[in-house]
There are 2 protein chains.
Amino acid sequence: MTYAIAQAAEHSGLSIDTLRYYERIGLVDPPARDAAGRRLYTDGDLAWLEFLTKLRTTGMPIRLMREYAQLRRKGEATAGRRKQILLEHRADVRRRIAELKACLEVLDFKIDNYAAIEAGLTGKTHVQEVSA
Amino acid sequence: MTYAIAQAAEHSGLSIDTLRYYERIGLVDPPARDAAGRRLYTDGDLAWLEFLTKLRTTGMPIRLMREYAQLRRKGEATAGRRKQILLEHRADVRRRIAELKACLEVLDFKIDNYAAIEAGLTGKTHVQEVSA
DNA sequence: GTAGGAGCTGGAGCGCACTCCAGGTCAAGT
DNA sequence: ACTTGACCTGGAGTGCGCTCCAGCTCCTAC
């Protein structure tokens, strides 16, 4: 089973332009072409794109994704380094989740404070002070 | 108590250039100046900067922070709209945390798979297929 | 046989959020 | 008096990750 670029775009959630861009910069291997020179993506390509979008969603910079992609191309001997990249990235993601959660608490606090203002406690100085 | 720009930078974790930039684009009110024209930040300014960095950390785009800052300047009448902005932003942050957690599971899976390869199961086709 | 639509290429352009720079002022220390 | 260093301004430059465009080739449907 193969897929035209529009289908690959739809499946991956990336734009057609982005797919070609990823190819240009070496994030994805150049796919096969049909007789007319049009790209034919395989299921394997789609799986790789799906994984790439996970990395992107979690904020991995493109140059690191590229390093990973290059290692992958070189085969199994690079598995150790690839694992290491993922381990570091996972730690990074965990840190960022923790950071976001901490910020959420501040948001909750602010929102509660606005609710307090709405509840007619506006006159209370400490509420105003905090209302930012 | 007032603070020179270098102190405000250190306290907020933003660079001096970024502080001036935030002022230019209307994210922070122009602070008072000393006789020589140097900025003097107040505790209130630092608190606002601290909150801004939370918004930034959670990915709020600058133009929305700016809208919030402008509303804040207009006083209490805008509290409703400000609360609404924060509510929407909180929902957004929660969505992104959930998304990150989902991606973490994929990372865990990949990492486990590399561990399996290391454990010498390399010959097993399904391990290789999945190793990406 | 022709109109429409998907895809192709190389390259330019964009929005965001800073970051850096030149050239200047000012105040304090030695 | 002079050096040092923090700070000032306006404006240009940067890196990232796309996104858009002109001008082209194909295939398909009518």
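Naming: A, B, ... by sequence-line order, numbering from 1 per chain.
- An OP1 or OP2 oxygen of D/dC7 is reached within less than 4.0 angstrom by no side-chain nitrogen or oxygen of B/Arg39.
- Put simply, CE on A/Met65 is 12 Å from P on D/dC16, counting in whole angstrom units.
- Taking only side-chain nitrogens and oxygens, B/Thr18 comes nearer than 4.0 Å to OP1 or OP2 of C/dT19.
- With rounding to the nearest 0.5 Å, the separation of CD1 in B/Ile117 from CD in A/Glu76 is 5.5 Å.
- Heavy-atom nearest nucleotides on DNA chain D were determined for B/Ala4 and for B/Arg24, and the one closer to the 5' end corresponds to B/Ala4.
- Here B/Ala6 lies in heavy-atom contact (under 4.0 Å) with sugar-phosphate atoms only.
- Residue B/Ile5 places its side chain closer to D/dC7 than to any other of C/dC20, D/dC7, C/dG7.
- If you measure from atom OH of B/Tyr41 to atom C1' of D/dA6, you get 14 Å, rounded to the nearest angstrom.
- Rounded to an integer number of Å, the gap from A/Leu64 CG to D/dC16 P is 12 Å.
- Side-chain nitrogen and oxygen atoms of B/Tyr21 include none within less than 4.0 Å of the OP1 or OP2 phosphate oxygen of C/dC20.
- Atom-to-atom, CG of B/Asp17 to C1' of D/dG11 comes out at 12 Å; the value is rounded to the nearest Å.
- Rotation axes derived from the C1' atoms of the five outermost pairs at either end of the helix from C/dG1-D/dC30 to C/dT30-D/dA1 lie 10° apart, to the nearest 10°.
- With values rounded to the nearest 0.5 angstrom, B/Ile85 atom CD1 is found 13.0 Å from B/Lys83 atom NZ.
- Remark: C1' of C/dT9 and CD1 of A/Ile16 are 15 Å apart, rounded to the nearest angstrom.
- Checking the phosphate oxygens (OP1, OP2) of D/dT9, a side-chain nitrogen or oxygen of B/Arg33 falls inside 4.0 Å.
- Side-chain atoms of B/Ser15 come within 3.5 Å of backbone atoms of B/Thr18 as a donor-acceptor pair (strictly under, hydrogens ignored).
- Side-chain contact between B/Trp48 and B/Arg72 is present, with at least one heavy-atom pair separated by less than 4.5 Å.
- Applying the 4.0 Å criterion to OP1 and OP2 of C/dC18, one finds that B/Arg56 has a side-chain N or O inside that range.
- When the side-chain nitrogen and oxygen atoms of A/Arg20 are compared with OP1 and OP2 of D/dC20, none of them lie within a distance under 4.0 Å.
- Between B/Arg38 and B/Gly59, the residue whose closest nucleotide on DNA chain C is further toward the 5' end is B/Gly59.
- Ring geometry for B/Tyr68 versus B/Phe51: interplanar angle of 30 to 60°, hence tilted.
- We find that CG of A/Asp34 is positioned 12 Å from C1' of D/dT25, with the value rounded to whole Å.
- Atom CD1 in B/Ile25 sits about 14 Å away from atom C1' in C/dT19, given to the nearest Å.
- Remark: C1' of C/dT19 and CD1 of B/Ile62 are 13 Å apart, rounded to the nearest angstrom.
- Checked against B/Tyr3 for a side chain to side chain contact (heavy atoms under 4.5 Å, CB included), the options B/Asp43, B/Thr42, B/Leu40, B/Asp45 give a single hit: B/Asp43.
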A/Leu14 vs A/Arg56, side-chain contact (heavy atoms from CB on, under 4.5 Å): CA-CA, chis, key distance, verdict: CA-CA 11 Å; A/Leu14 298 166; A/Arg56 186 190 65 161; 3.5 Å; yes
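- A sub-4.0 Å separation between OP1 or OP2 of C/dA17 and a side-chain N or O of B/Tyr22 is absent.
- With hydrogens and angles ignored, the 3.5 Å screen pairs a side-chain donor or acceptor of A/Arg96 with a backbone N or O of A/Thr58.
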